[in-house]
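Position 1 is the first residue of the sequence, and the numbers go up from there.
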Amino acid sequence: MTTQTATDYTTTIDLDRSPDDVTAAIADVGRWWLGDVTGAADRVGAEFTYRYRDLHDSTQRVTEFEPAAASSGT
């Protein structure tokens with residue numbers, strides 16, 4: 001088995017939504033992951049568990065959370 005270690009990933013997506021709407025959508029993990037999500041993802045230290053059938057079961061802890069800010073370019 002090969003293990004990959006990612007150090008950083010950054011991308012930019014332009015949306016026609018307010019920064020608060022985008023932050024709320026990203027933090028609402030259950031709306032964009034298939035399966036069962038319990039817990040919270042809306043602040044540092046929050047934890048949520050993701051389960052998908054009998055195929056996947058994991059718990060994530062939020063270690064960094066920066067609410068969206070309006071881009072200086074718009």
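Rounded to the nearest 0.5 Å, atoms CZ (F48) and OG (S58) are 7.5 Å apart. In this structure, CZ on R51 lies 12.5 Å from CH2 on W33, to the nearest 0.5 angstrom. Note: D21 CG to D16 CG = 10.0 Å, rounded to the nearest 0.5 Å. If you take OH on Y50 and CD on Q60, they are separated by 9.5 Å, rounding to the nearest 0.5 Å.
In plain terms, the two heavy atoms of F65 and V44 that are nearest each other are N-CG2, 3.7 Å. Scanning all heavy atoms of the two residues, the minimum distance from A46 to A40 falls at CB-O, 3.4 Å.
When the side chains of ILVMFWY residues are joined at heavy-atom separations under 4.5 Å, either directly or via intervening members, W32 and V62 end up in two distinct hydrophobic clusters.
For the pair T49 and V37, the minimum side-chain heavy-atom distance is 4.5 Å or more.
Counting only residues at least two apart or in different chains, salt bridge (charged side-chain N to carboxylate O under 4.0 Å, His left out) contacts with residues 39-50 comprise E47-R61.
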**Request:** Please test Y52 against L34 for side-chain contact (heavy atoms from CB on, under 4.5 Å), starting from the C-alpha separation and ending with a verdict.
**Result:** CA-CA 7 Å; Y52 183 73; L34 296 176; 4.1 Å; yes
